[in-house]
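Below you'll find the structure, written out as structure tokens, and then a few comments.
Only this structure's heavy atoms are used, side chains among them; waters, hydrogens and symmetry mates stay out. The structure presented is a predicted model; accordingly, all values stated were derived computationally and were not measured.
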Amino acid sequence: SYWLYFVTSTNFALARSLVNSMKNEVVCNIAGIEDIVATKLIGYEEAIESYNKAISVLPNYPDAFNNLGNCFKRLGRLEDAIENYEWAVAYKHDFFQAYNNLGIAQRENQMLEKSVKSFQKAVEVNKNYMDAHLNLGIAFIDSGNKEMAKNSFERVLEIDSKNEEAKNHLKTLSAID
């Protein structure tokens, strides 16, 4: 595909002309390509370089920012990850996966209040996004709000009644009370 060539190419002038020559608006779904590019073809540092070059040509492409954030997060560069997730949601306000990723990075960076808000935004955009409900529950535990954590885990079980992680969190919270 043009996008894979574009991301991995060292001939960015050619890649740019390929993208520009397309008759239709560039529509690429690269969700998951970060794993392909970063782990199978090249390392994270090279993937970061490729995404930055891609962003220089398509500066408002939210998936590239989200995937760049994923690379930074895997390298432990949480502030860089957070910045890129914030760009992703700035360009695509209903990007619930990026809100979830932002919340995870914020929680890992001890920004609990912000992480709660990011997870809440993810579930506001997609009410059935189980991962964000689960992460929201964990963030509520971290911030000491056990009642809201229970509500989040109960919502996970409404979506998936067999979710063991939510069940285990609810058991732990019940034992604490």
[X] side chain to [Y] backbone, donor-acceptor under 3.5 Å:
X: Asn100; Y: Phe96; value: no
X: Arg155; Y: Leu134; value: no
X: Asn109; Y: Ala105; value: no
X: Tyr129; Y: Phe119; value: no
X: Asp160; Y: Val156; value: no
X: Ser161; Y: Leu157; value: no

Heavy atoms, side chains only, cut-off 4.5 Å: are [X] and [Y] in contact?
X: Pro62; Y: Trp87; answer: no
X: Lys73; Y: Ile82; answer: no
X: His133; Y: Ile159; answer: yes
X: Glu108; Y: Ile104; answer: yes
X: Ile138; Y: Glu165; answer: yes
X: Asn84; Y: Asn70; answer: no
X: Val57; Y: Lys53; answer: no
X: Phe72; Y: Glu79; answer: no

Which pair of heavy atoms, one from [X] and one from [Y], lies closest together, and at what distance?
X: Val116; Y: Ala139; answer: CG2-CB, 3.8 Å
X: Asn135; Y: Arg107; answer: O-NH1, 3.6 Å
X: Ala81; Y: Gly69; answer: CB-O, 3.3 Å
X: Ile55; Y: Leu68; answer: CD1-CD2, 3.8 Å
X: Arg74; Y: Tyr44; answer: CD-OH, 3.1 Å
X: Gln106; Y: Lys114; answer: OE1-O, 3.1 Å

Would you say the rings of Tyr85 and Phe65 are close, in the sense that their centroids are separated by under 6.0 Å?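 Judged by ring-centre distance (under 6.0 Å), Phe65 and Tyr85 do not meet the cut-off.
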Is there a donor-acceptor contact under 3.5 Å linking the side chains of Asn66 and Asn101? yes
To the nearest 0.5 angstrom, please state how far the [atom1] atom of [X] sits from the [atom2] atom of [Y].
X: Gln120; Y: Tyr99; atom1: CD; atom2: OH; value: 12.5 Å
X: Lys121; Y: Asp94; atom1: NZ; atom2: CG; value: 9.0 Å
X: Gln97; Y: Asn126; atom1: CD; atom2: CG; value: 7.5 Å
X: Glu49; Y: Cys71; atom1: CD; atom2: SG; value: 12.0 Å
X: Ser143; Y: Leu112; atom1: OG; atom2: CG; value: 6.0 Å

Walk me through whether Leu75 and Glu45 qualify under side-chain contact (heavy atoms from CB on, under 4.5 Å). CA-CA 9 Å; Leu75 290 173; Glu45 293 296 339; 3.3 Å; yes
Please determine whether a side-chain nitrogen of the Lys or Arg among Lys150 and Glu154 lies less than 4.0 Å from a carboxylate oxygen of the Asp or Glu.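 No salt bridge links Lys150 with Glu154.
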With clusters defined by side-chain heavy atoms of hydrophobic residues (ILVMFWY) lying less than 4.5 Å apart, directly or transitively, does Tyr91 cluster with Tyr51?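 Yes, it is one cluster - the side chains of Tyr51 and Tyr91 are joined through contacts under 4.5 Å.
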Do Met130 and Val123 land in one hydrophobic cluster if side-chain heavy atoms of ILVMFWY residues count as linked below 4.5 Å? no
Quick one: sort the Phe153 and His169 rings into parallel, tilted or perpendicular, breaks at 30° and 60°.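 Answer is parallel, since the angle falls under 30°.
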